Amino acid sequence: DARTNIDEIYLNIGLGAGSPTQNLNYTLIHIDDGTKDTGLNYSSGAANENTYNATELLDPEGYFTVENPLISAGTTVKIKINASAVGLDLSTQTECRIEITPKHGTSSIEIFNTPPVFDRSIIHFS
């Protein structure tokens, strides 16, 4: 099967040293593909057109649960954005901008360009 679009986006996130604990319930993800520009809120359920979700990768203090998504220093979670449900057009050679805005602290911005050819089902961006 020839792939023509990115359907799901996964982001591994954590806090910088000295950052206060963050609650994903109060963290907005803004995503823009140049055509569609939308904000997503956290959901403990499936990621859909209005929400993203998260799963724990590393949580040394044991604060994170899906129902109470607290991220403390040393915690790493995997964020899932359902790009298809959101209506993003992430076809080849498309720029995408993602901004993560916590209730307290500084926003993080990630910008990536999709490759000219989708030659595998998983694409890693650095």
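Every heavy atom of this structure was used, including side-chain atoms; hydrogens, water molecules and symmetry mates were not. Predicted, not measured: the structure shown is a model, and the values here were computed from it.
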Using modelled atom types only, decide if a donor and an acceptor are shared between the side chain of [X] and the backbone of [Y] within a distance under 3.5 Å.
X: Asp7; Y: Ser84; answer: no
X: Thr114; Y: Ser91; answer: yes
X: Thr75; Y: Asp59; answer: no
X: Asn113; Y: Gln93; answer: no
X: Gln22; Y: His104; answer: yes

Can you find a pair of side-chain heavy atoms, one from [X] and one from [Y], that are under 4.5 Å apart?
X: Asn50; Y: Asn41; value: no
X: Leu24; Y: Phe64; value: yes
X: Val117; Y: Thr92; value: no
X: Asp37; Y: His30; value: yes
X: Ile81; Y: Leu40; value: yes
X: Ile109; Y: Ile98; value: no

Pair Leu90-Phe118, side chain to side chain contact (heavy atoms under 4.5 Å, CB included): steps then yes or no: CA-CA 11 Å; Leu90 297 177; Phe118 296 141; 5.9 Å; no
Residues Ile71, Val77; criterion side chain to side chain contact (heavy atoms under 4.5 Å, CB included); working and verdict: CA-CA 8 Å; Ile71 302 174; Val77 298; 3.7 Å; yes
Shortest non-hydrogen contact from Thr27 toward Pro102: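 Answer, listing the atom of Thr27 first, then Pro102: OG1-CA, 3.9 Å.
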For the student: nearest non-hydrogen atoms of Val66 and Pro69, plus distance: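 Closest pair (atom of Val66, atom of Pro69, distance): O-CD, 3.9 Å.
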Worked verdict on Ile31 versus Tyr52 for side chain to side chain contact (heavy atoms under 4.5 Å, CB included): CA-CA 11 Å; Ile31 189 162; Tyr52 66 91; over 6 Å; no
Crowding at CZ, Phe112 (>12 non-hydrogen neighbours, <6.0 Å):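 Yes, CZ of Phe112 has more than 12 neighbouring heavy atoms, counting only those of other groups under 6.0 Å.
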Trace of the side chain to side chain contact (heavy atoms under 4.5 Å, CB included) decision for Ile79 with Tyr42: CA-CA 9 Å; Ile79 300 283; Tyr42 176 78; 5.9 Å; no
Test: Arg97 and Glu95 ion pair at under 4.0 Å: no
When rounded to the nearest 0.5 angstrom, what distance separates [atom1] in [X] from [atom2] in [Y]?
X: Glu56; Y: Leu70; atom1: CD; atom2: CG; value: 12.0 Å
X: Ile29; Y: Ser107; atom1: CD1; atom2: OG; value: 11.0 Å
X: Cys96; Y: Asp89; atom1: SG; atom2: CG; value: 10.5 Å

From CA spacing to verdict: side-chain hydrogen bond (donor to acceptor under 3.5 Å, both in side chains), Asn25, Asn23: CA-CA 5 Å; Asn25 283 313; Asn23 186 331; 3.2 Å; yes
Under 3.5 Å side-chain donor-acceptor pair for Thr51 and Asn48: yes
For residues [X] and [Y]: do they belong to one hydrophobic cluster (side chain heavy atoms under 4.5 Å, members Ile, Leu, Val, Met, Phe, Trp, Tyr)?
X: Leu15; Y: Ile13; value: yes
X: Tyr26; Y: Ile100; value: no
X: Leu11; Y: Leu88; value: yes

Distance under 6.0 Å and angle within 45° of ring axis: Lys80 vs Tyr10: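 Checked: cation-pi criterion not met.
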